[in-house]
Asker: 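Got a structure here, written out as structure tokens. Questions coming.
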Amino acid sequence: MKISIIGATGYSGLELIRLLESHSKVEIFSLHSYSNYSENVAYLYPHLKGICELPLEPIDVSRICQHSQVVFFAAPSGIAKDQVAPFLEAGLTVIDLSGDLRLKNPDDYPTWYHFPAAEKGLLDQAIYGLSEWADVKKQKLISNPGCYATATLLALAPLIIEDLIELDSIVVDAKSGLSGAGKSMQTTSMYTEVNDNLTIYKMNQHQHIPEIIQQLKKWQSGVENIQFSTSLIPITRGISTTIYAKLKSRLTTEELNAFYTSHYNDKPFVRIQAPNKLPTIKQVVGSNFCDIGMTVNPTTNQVIIVSTIDNLVKGAAGQAVQNLNQSFGFAPNDGLKFSPIFP
Ligand SMILES: NC(=O)C1=CN([C@@H]2O[C@H](COP(=O)(O)OP(=O)(O)OC[C@H]3O[C@@H](n4cnc5c(N)ncnc54)[C@H](OP(=O)(O)O)[C@@H]3O)[C@@H](O)[C@H]2O)C=CC1
Ligand SMILES: CC(=O)N[C@@H](CCC(=O)OP(=O)(O)O)C(=O)O
């Protein structure tokens with residue numbers, strides 16, 4: 001099956017190339033940049049030499065539609081919403097990695113993304129592809145979740161579905177490496193600003209907050225809000241979320257762990273750690289795993305859940321490939337057999 005990638009020169013687009021080059025059912029037909037058409041991708045990114053040396057092309061909708069069955073959008077938020085329609089009309093499957101199609105309520109876009117929403121019909125059609133909890137089989141328009149949202153939702157799902165916590169007590173403290181901000185130049189991403197530092201940003205204003213609440217409400221309609229903070233830490237890849245919540249009734253760490261194991265034992269990309277063993281970022285980097293660990297503090301009756309992912313894999317390109325596999329009925333791990341890189 002032939003596919004095209006729009007935004008192929010960004011961090012998530014490059015990760016799509018890496019994963020899809022090892023996919024048994026996929027051939028990359030074309031790679032699209034916004035500003036650089038003169039080189040092949042391996043000239044610009046020499047790590048791809050001998051692996052993928054396709055030219056970078058401007059977006060030519062009719063050529064893509066003629067040859068490809070699937071188009072991945074890995075462009076900044078605000079682009080896909082105005083560009084996906086002709087691909088859908090031509091019968092292609094679209095998998096969008098941006099935030100453009102994640103929220104169902106159009107009014108949320110000016111507030112959280114600072115641009116107008118996509119056309120309502122597109123928002124209605126888009127399936128939110130949190131792979132472990134979504135059914136994207138044969139779906140034509142898949143909206144890939146945000147990286148922080150993925151780590152947070154996978155960690156919260158059993159607590160919410162089993163109704164184990166006070167719904168107004170959820171506090172999420174998430175930290176991300178720098179590749180989460182993409183490749184574009186910003187003062188806040190400079191070595192001098194990030195090295196030896198931890199910077200809390202977008203407090204109470206992060207664009208993944210409404211996306212997380214929207215999904216939590218599907219599991220328990222009583223969820224109104226969460227306390228959510230994001231920090232930048234001086235690593236290249238990875239997200240770690242620490243989640244605190246008040247248990248409704250007494251539960252041991254072992255009992256809680258059993259809930260998590262039962263929810264995820266048929267979901268191979270989520271690895272539940274042994275009770276009281278909290279995952280590190282390094283144990284998932286380079287892979288599509290989301291590792292989840294937990295502990296209960298009996299003195300406060302608080303539960304503490306920690307989840308870690310590679311933001312570019314499970315948080316972006318890897319989950320997009322998981323959704324492709326689900327949508328087309330391919331083996332769930334095709335293109336995703338990479339072990340974490342350790343140490
Ligand atoms: N980085 C991450 O960890 C995650 C990112 N995402 C989402 O994935 C998407 C890509 O992110 P990321 O890889 O970090 O971004 P980058 O900034 O690294 O790359 C952006 C890519 O989009 C292209 N591009 C820029 N402007 C346009 C435009 N107007 N039209 C078409 N293409 C354009 C760029 O092309 P060129 O520079 O060649 O002109 C480049 O290939 C974003 O929507 C982001 O929110 C989602 C989850 C995690
Ligand atoms: C470290 C860092 O800056 N991370 C980005 C995550 C970008 C992303 O994946 O968000 P969307 O897909 O919703 O645009 C941020 O916090 O905005």
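Order of appearance sets the numbers: ligands from 1, and atoms from 1 within every ligand.
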Asker: A side-chain contact here means heavy atoms from C-beta on lying under 4.5 Å apart; do P332 and N325 qualify?
Answerer: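 Not in contact.
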Asker: In terms of atom number and element, which parts of ligand 1 are under 4.0 angstrom from non-hydrogen atoms of G180?
Answerer: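 Contacts of ligand 1 toward G180, numbered from 1: 1 (N), 2 (C), 3 (O).
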Asker: Please check: side-chain N/O of Y11 versus main-chain N/O of G180, any donor-acceptor pairing under 3.5 Å?
Answerer: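 Flag not set: sc Y11 to bb G180 has no pair under 3.5 Å.
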Asker: Does the side chain of L156 reach to within under 4.5 Å of the side chain of I305, using non-hydrogen atoms?
Answerer: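 No; the side chains remain at least 4.5 Å from each other.
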Asker: List the closest protein heavy-atom neighbour of atom 33 (C) of ligand 1: residue, atom name, distance to the nearest 0.1 Å.
Answerer: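 Sorting protein heavy atoms by distance from atom 33 (C) of ligand 1 puts Y34 CB, 3.4 Å first.
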Asker: Look at atom 15 (O) of ligand 1 and say which protein heavy atom is nearest, naming residue and atom and giving the distance to 0.1 Å.
Answerer: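 Checked against all protein heavy atoms, atom 15 (O) of ligand 1 sits closest to G182 CA, 4.1 Å.
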Asker: Would you say ligand 1 has an N or O under 3.5 Å from any N or O of S35?
Answerer: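 Yes; the residue has a nitrogen or oxygen that sits under 3.5 Å from a nitrogen or oxygen of the ligand.
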Asker: Can a donor-acceptor pair be found, under 3.5 Å and without considering hydrogens, that links the side chain of N311 to the backbone of C147?
Answerer: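 Looks like no, no N/O pair under 3.5 Å.
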Asker: Taking N144's backbone N and O only, do any of them form a donor-acceptor pair with R102's side chain (distance below 3.5 Å, no angle check)?
Answerer: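 Pair found, side chain donor or acceptor close to backbone of N144.
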Asker: What protein heavy atom is closest to atom 22 (O) of ligand 1, reported as residue, atom name and distance in Å?
Answerer: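 Minimum-distance protein heavy atom for atom 22 (O) of ligand 1 reads P76 CD, 3.3 Å.
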Asker: Has ligand 2 got any nitrogen or oxygen that is less than 3.5 angstrom from a nitrogen or oxygen of K202?
Answerer: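 The answer is yes, given that K202 and ligand 2 share an N or O pair closer than 3.5 Å.
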Asker: Hey, looking at atom 9 (C) of ligand 1, which of A75, S98, S176 has the closest heavy atom?
Answerer: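 It is A75 whose heavy atom sits nearest to atom 9 (C) of ligand 1.
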Asker: Tell me the protein heavy atom at minimum distance from atom 4 (N) of ligand 2, and give that distance in Å.
Answerer: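 Ranking protein heavy atoms by distance from atom 4 (N) of ligand 2, first comes G180 O, 3.2 Å.
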Asker: On a heavy-atom basis, I'd like to know which of S231, A181, A316 is closest to atom 3 (O) of ligand 2.
Answerer: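 Shortest heavy-atom distance from atom 3 (O) of ligand 2: A181.
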Asker: Just heavy atoms, cut-off under 4.0 Å: does S77 contact ligand 2 by side chain, backbone, both, or neither?
Answerer: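 Looking at S77 and ligand 2, just side chain atoms fall under 4.0 Å.
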Asker: Do any nitrogen or oxygen atoms of Q207 come within less than 3.5 Å of a nitrogen or oxygen of ligand 2?
Answerer: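 Q207 vs ligand 2: N/O contact under 3.5 Å present.
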Asker: I'd like to know if S179 contacts ligand 2, where contact means a heavy-atom distance under 4.0 Å to any ligand atom.
Answerer: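 S179 does not count as a contact of ligand 2 under the 4.0 Å cut-off.
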Asker: Taking side chain to side chain donor-acceptor pair (under 3.5 Å) as the criterion, tell me which of Y148, Y128, W112 meets it with E211.
Answerer: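 Option passing the side chain to side chain donor-acceptor pair (under 3.5 Å) with E211: Y128.
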Asker: Between D96 and S143, do the side chains contain an N or O donor and an N or O acceptor separated by less than 3.5 Å?
Answerer: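 Side chains of D96 and S143: no pair found under 3.5 Å.
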Asker: Near S33, which atoms of ligand 1 are under 4.0 Å from a heavy atom of that residue?
Answerer: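 Result: 36 (P), 38 (O), 39 (O).
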Asker: Is L232 touching ligand 2 with its side chain, its backbone, both, or neither, if touching means heavy atoms under 4.0 Å apart?
Answerer: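 Near ligand 2, L232 shows its side chain, while the N, CA, C and O stay back.
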Asker: Both conditions, 6.0 Å and 45 degrees, for the charged tip of R18 above the ring of F338: are they met here?
Answerer: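 Output yes; distance and angle both within limits.
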Asker: Find all atoms of ligand 1 within a distance of less than 4.0 Å from any non-hydrogen atom belonging to L312, and give their numbers and elements.
Answerer: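 Near L312, the atoms of ligand 1 are 1 (N), 2 (C), 3 (O).
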Asker: Tell me whether K282 at atom NZ has more than 12 heavy atoms from other residues, nucleotides or ligands lying less than 6.0 Å away.
Answerer: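 Open: at most 12 neighbouring heavy atoms sit under 6.0 Å from NZ of K282.
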Asker: Among all protein non-hydrogen atoms, which one is nearest to atom 1 (N) of ligand 1, and what is the separation to 0.1 Å?
Answerer: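 Result: S179 O, 3.0 Å.
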Asker: Could you tell me whether G10 and ligand 1 have an N or O pair separated by under 3.5 Å?
Answerer: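 So ligand 1 has an N or O lying under 3.5 Å from an N or O of G10.
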Asker: Determine whether a donor-acceptor pair (N or O, by modelled atom type, separation under 3.5 Å) exists between the side chain of Y244 and the backbone of D173.
Answerer: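 It does not hold such a pair.
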Asker: Any side-chain heavy atom of M1 sitting closer than 4.5 Å to one from E27?
Answerer: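 Contact flag for M1/E27 side chains = no.
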Asker: Would you call I3 and I28 a side-chain contact if the rule is heavy atoms closer than 4.5 Å?
Answerer: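 When only atoms from C-beta onward are counted, I28 and I3 do touch, with a gap below 4.5 Å.
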Asker: Indicate yes or no: does an N/O atom of C147 lie under 3.5 Å from an N/O atom of ligand 2?
Answerer: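 Not met; the criterion fails.
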Asker: What protein heavy atom sits nearest atom 21 (C) of ligand 1, and how far away is it?
Answerer: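 Going atom by atom, the protein heavy atom closest to atom 21 (C) of ligand 1 ends up being A74 O, 3.6 Å.
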Asker: Check ligand 1 against G315 and write out every atom of the ligand that is under 4.0 Å from a heavy-atom position of the residue.
Answerer: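 Heavy-atom distances to G315 below 4.0 Å select 47 (C), 48 (C).
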Asker: Just which atoms of ligand 2 are under 4.0 Å from any heavy atom in Y148?
Answerer: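 Every atom of ligand 2 under 4.0 Å from some heavy atom of Y148: 16 (O).
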Asker: Just to confirm my output: which protein heavy-atom neighbour is closest to atom 46 (C) of ligand 1, and how far is it?
Answerer: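 The protein heavy atom lying closest is L97 O, 3.5 Å.
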Asker: Looking only at protein heavy atoms, which one is nearest to atom 11 (P) of ligand 2, and how far off is it?
Answerer: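 Looking at atom 11 (P) of ligand 2, the protein heavy atom closest to it is H208 NE2, 3.4 Å.
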Asker: K175 side chain to I200 main-chain N or O, any donor-acceptor pair under 3.5 Å?
Answerer: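 No; judged by distance alone, with no hydrogens or angles, the pair does not exist.
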Asker: Does ligand 2 have a heavy atom under 4.0 Å from the side chain of W112, from its backbone, from both, or from neither?
Answerer: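 No part of W112 is near ligand 2 at this cut-off.
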Asker: Report yes or no: does R102 have a heavy atom closer than 4.0 Å to ligand 2?
Answerer: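 It does, in that a heavy atom of R102 comes within the 4.0 Å cut-off of ligand 2.
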Asker: Going by distance only, is there an N or O of Y201 that falls short of 3.5 Å from an N or O of ligand 2?
Answerer: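 Checking ligand 2 against Y201, an N or O pair does fall under 3.5 Å apart.
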Asker: Considering only heavy atoms of G177, which atoms of ligand 2 have at least one such atom less than 4.0 Å away?
Answerer: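 In order of numbering, the contacting atoms are 1 (C).
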Asker: Would you indicate whether F115, at its atom CZ, is surrounded by more than 12 heavy atoms from other residues, nucleotides or ligands within a distance under 6.0 Å?
Answerer: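 Buried by this count: over 12 neighbours within 6.0 Å.
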Asker: A316 heavy atoms, cut-off 4.0 Å: which ligand 1 atoms fall inside?
Answerer: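 Here the atoms of ligand 1 in question are 47 (C), 48 (C).
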Asker: Suppose we measure from atom 38 (O) of ligand 1 to each protein heavy atom; which comes out shortest, and what is that distance?
Answerer: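 Minimum-distance protein heavy atom for atom 38 (O) of ligand 1 reads T9 OG1, 2.4 Å.
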Asker: Under 6.0 Å from the CG atom of N265, do we count more than 12 heavy atoms belonging to anything else shown?
Answerer: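 It does: N265 CG has more than 12 such atoms within range.
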Asker: Who's the nearest protein heavy-atom neighbour of atom 12 (P) of ligand 1, and how far?
Answerer: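 Nearest protein contact, heavy atoms only, for atom 12 (P) of ligand 1 is S12 OG, 3.6 Å.
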Asker: Polar contacts were defined as any N/O atom of the residue lying under 3.5 Å from an N/O atom of the ligand; does this apply to I59 and ligand 1?
Answerer: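 Such a contact does not occur with ligand 1.
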Asker: Would you mind listing which atoms of ligand 1 come within a distance below 4.0 Å of any non-hydrogen atom of S77?
Answerer: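 Selected atoms, number and element: 43 (O).
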Asker: With a cut-off of 4.0 Å, which atoms of ligand 1 are near a heavy atom of G7?
Answerer: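 In order of numbering, the contacting atoms are 21 (C), 22 (O), 23 (C), 41 (O).
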Asker: For the pair K314 and E132, find out whether any cationic side-chain nitrogen is under 4.0 Å from an anionic carboxylate oxygen.
Answerer: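 Looking at K314 and E132, the cut-off is met.
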Asker: If you measure only the distance, is there a donor-acceptor pair under 3.5 Å linking the side chains of S307 and T241?
Answerer: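 Indeed, the side chains of S307 and T241 share at least one donor-acceptor pair under 3.5 Å.
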Asker: Identify the closest protein heavy atom to atom 15 (C) of ligand 2: which residue and atom is it, and at what distance?
Answerer: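 The protein heavy atom lying closest is H206 NE2, 3.4 Å.
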Asker: Do Q125 and K140 have a side chain donor and acceptor closer than 3.5 Å?
Answerer: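 The criterion, which ignores hydrogens and geometry beyond distance, is not satisfied for K140 and Q125.
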Asker: Taking everything shown except K202 itself, do over 12 heavy atoms lie less than 6.0 Å from its NZ?
Answerer: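 Above 12, so yes.
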Asker: More than 12 foreign heavy atoms under 6.0 Å from NZ of K49: is that the case here?
Answerer: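 No, because the 6.0 Å sphere around NZ of K49 holds 12 heavy atoms or fewer from other groups.
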Asker: Mark up the atoms of ligand 1 that fall under 4.0 Å of a heavy atom belonging to K183, in ascending order.
Answerer: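 Answer, ordered by atom number: 16 (P), 17 (O), 18 (O), 36 (P), 37 (O), 38 (O).
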